[in-house]
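What follows is a short report on a single structure.
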Amino acid sequence: MKSPEEILNATIAIGHHKIEKSFLAKAILGFIGGAMISLGYLLYVRIAASGLETFGAFSSILGACAFPIGLIIILMAGGELITGNMMAVSATFFAKKISLKDLLLNWVTITIFNIIGAFFVAFVFGHFLGLTSSGIFKEEVLHVAQAKIAASPLQAFVSGIGCNWFVGLALWLNYGAGDASGKVLGIWFPVMTFVALGFQHSVANAFVIPAAIFEGGANWLQFIQNFTFVYAGNIIGGAVFVSLFYYLAFHHPEHD
């Protein structure tokens with residue numbers, strides 16, 4: 001396992017590499033990132049709904065244990081996820097390796113293609129294929145989506161902070177691990193925790209709320225309102241609570 005200082009340097013380098021990727025690479029990897037997080041959430045829905053009768057409220061914990069597969073694939077196989085970029089690319093910005101324009105352009109590009117990937121999974125696999133369009137699975141999607149929509153703007157914002165604090169830590173531990181098993185564990189525990197706690201992830205919400213919309217259980221204005229405040233909270237959770245705090249704690253200018 002790397003030291004915190006070494007993890008910070010690795011994060012800065014990874015953030016710089018994210019900026020240097022071509023637009024095509026960002027588009028493809030952004031789509032994959034949105035799709036993989038959504039497929040992880042789809043797995044959560046299937047497990048939570050299937051286990052409700054047997055395990056009761058604990059079924060959501062079982063679903064949370066499965067959800068991290070999405071981020072594991074993104075970080076180990078390849079993908080770009082905006083919540084992760086909020087942490088990694090911010091570290092590069094704080095280190096003055098990139099400009100604010102670079103940072104914002106990266107965020108906008110990855111966000112757009114993450115949303116496209118999430119919508120794709122919600123419609124094609126959820127609605128068209130029928131994995132969220134009937135029975136207990138539809139009920140679970142509508143229940144989860146309505147719970148997220150019901151949060152006030154301030155609650156959605158604060159929940160977004162909590163979510164990306166943990167996602168940022170998952171990246172931090174992944175970058176610090178020395179082998180594949182360490183990376184999996186470093187990703188799995190923080191992500192499982194934020195899902196089990198019910199914190200809100202903007203890209204995951206771009207799957208579950210549209211999935212509910214396609215089944216007549218929500219509308220696009222509700223999605224936009226929720227996404228806006230959760231996204232803002234995700235920025236604070238990743239860019240401030242992880243990237244900035246650790247940069248201030250572990251950056252030593254005299255070693256540059």
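Computed over heavy atoms, backbone and side chain alike; hydrogens, waters and symmetry mates excluded.
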query: Under 6.0 Å between ring centres, would you say that holds for Phe119 and Phe207?
result: no
- prompt: Do Phe250 and Phe245 have ring centres separated by under 6.0 Å?
  reply: no
message: Using only atom types and a distance under 3.5 Å, with no angle test, would you say the side chain of Lys183 pairs donor to acceptor with the backbone of Asn174?
response: yes
message: Which heavy atom of Met86 sits nearest to which heavy atom of Asn164, and what is that distance?
response: SD-ND2, 3.6 Å
message: Please say yes or no: joined through hydrophobic side-chain contacts below 4.5 Å, possibly via intermediate residues, are Leu221 and Phe214 part of one cluster?
response: no
- prompt: Is a side-chain N or O of Glu6 found less than 3.5 angstrom from the main chain of Ser3, in a donor-acceptor match?
  reply: yes
query: In terms of heavy-atom contacts, does CH2 of Trp172 have more than 12 from other residues, nucleotides or ligands at under 6.0 Å?
result: yes
- request: Please check if the side chain of Asn85 supplies one atom and the backbone of Ile82 the other of a donor-acceptor pair under 3.5 Å.
  value: no
query: Looking only at heavy atoms, which two atoms of Thr132 and His127 are closest? And how far apart?
result: OG1-N, 3.9 Å
message: Starting from Ile136, can I reach Leu129 by hopping between I/L/V/M/F/W/Y residues whose side chains sit under 4.5 Å apart?
response: no
- request: To the nearest 0.5 angstrom, please state how far the CZ atom of Phe120 sits from the CZ atom of Phe125.
  value: 5.0 Å
field: Donor on one side chain, acceptor on other, Ser202 and Asn234, under 3.5 Å
entry: yes
query: Should Tyr247 and Ser90 be marked as a side chain to side chain donor-acceptor pair (under 3.5 Å) after you check the CA-CA gap, both sets of side-chain angles, and the distance that decides it?
result: CA-CA 10 Å; Tyr247 182 82; Ser90 292; over 6 Å; no
- request: For the residue pair Thr109 and Asn106, confirm or rule out a side-chain donor-acceptor distance under 3.5 Å.
  value: no
task: Could you pull out all residues at least two apart from Lys138 that satisfy salt bridge (Lys or Arg N to Asp or Glu O under 4.0 Å)?
output: none
- request: Give the C-alpha distance, both sets of side-chain angles, the deciding distance and a yes or no for side chain to side chain contact (heavy atoms under 4.5 Å, CB included) between Met1 and Leu173.
  value: CA-CA 9 Å; Met1 186 77 183; Leu173 295 174; 3.9 Å; yes
task: For His16, look at atom NE2 and say whether over 12 heavy atoms of other residues, nucleotides or ligands are found less than 6.0 Å away.
output: yes
Spacing of Ile236 atom CD1 and Phe241 atom CZ [to the nearest 0.5 Å]: 8.0 Å
- request: Over all heavy atoms of both residues, which pair between Phe199 and Lys148 is shortest? Give the atoms and the distance, please.
  value: O-NZ, 4.2 Å
- prompt: Going only through I, L, V, M, F, W and Y residues with side-chain contacts under 4.5 Å, is there a path from Trp220 to Val208?
  reply: yes
field: Any Ile110 side-chain heavy atom under 4.5 Å of Leu81 side chain
entry: no
Separation between CD1 of Ile47 and CD1 of Ile61, rounded to the nearest 0.5 Å: 12.5 Å
- prompt: Just by distance, do the side chain of Gln146 and the backbone of Gly217 share a donor-acceptor pair under 3.5 Å?
  reply: yes
query: About how many Å separate CD1 of Ile12 and OG of Ser243, when rounded to the nearest 0.5 Å?
result: 8.0 Å
- request: Give a yes or no on whether Lys21 atom NZ has more than 12 heavy-atom contacts from other residues, nucleotides or ligands under 6.0 Å away.
  value: yes
query: Can you tell me if His201 and Thr83 form a side-chain donor-acceptor pair at under 3.5 Å?
result: yes
- prompt: Where do Val45 and Phe137 come nearest, in terms of heavy atoms and distance?
  reply: CG1-O, 3.9 Å
message: If I take atom OG1 from residue Thr193 and atom CH2 from residue Trp165, how far apart are they, to the nearest 0.5 angstrom?
response: 13.0 Å
Single-linkage hydrophobic cluster, 4.5 Å side-chain cutoff, Tyr231 and Leu244 together: yes
Return all side-chain donor-acceptor pairs below 3.5 angstrom for residues 64-79, not counting sequence neighbours, or 'none' if the list is empty.
none

message: Looking at Lys26 and Glu80, is there a salt bridge between them, counting it only when a charged N and a carboxylate O are closer than 4.0 Å?
response: no
message: Show the nearest heavy-atom pair for residues Val230 and Asn205, with the distance to one decimal.
response: CG2-ND2, 3.9 Å
query: Relative to the ring of Tyr44, is the ring of Tyr41 parallel (under 30°), tilted (30 to 60°) or perpendicular (over 60°)?
result: perpendicular
query: Is Leu131 reachable from Phe123 through a run of I, L, V, M, F, W or Y residues, each pair having side-chain heavy atoms under 4.5 Å apart?
result: yes
query: Is Gln222 reaching over with its side chain to a backbone N or O of Asn219, donor-acceptor style, under 3.5 angstrom?
result: yes
query: Under the criterion side chain to side chain contact (heavy atoms under 4.5 Å, CB included), which of Ile32, Ile37, Val203 is the partner of Asn114?
result: Val203
- request: Could you tell me if the ring centre of Phe113 sits under 6.0 Å from that of Phe31?
  value: no
message: What I want to check is whether the side chains of Tyr246 and Thr11 have a donor and an acceptor closer together than 3.5 Å.
response: no
Nearest heavy-atom neighbours spanning Arg46 and Ser50: O-OG, 2.7 Å
- prompt: Within the distance-only criterion (no hydrogens, no angle test), does the side chain of Thr111 pair as donor or acceptor with the backbone N or O of Trp107 below 3.5 angstrom?
  reply: yes
- prompt: Looking at CG of Leu104 and CZ of Phe93, how far apart are the two atoms once the value is rounded to the nearest 0.5 Å?
  reply: 8.0 Å
- prompt: How would you list, by chain and number, every residue that makes a salt bridge (Lys or Arg N to Asp or Glu O under 4.0 Å) with Glu140, sequence neighbours excluded?
  reply: none
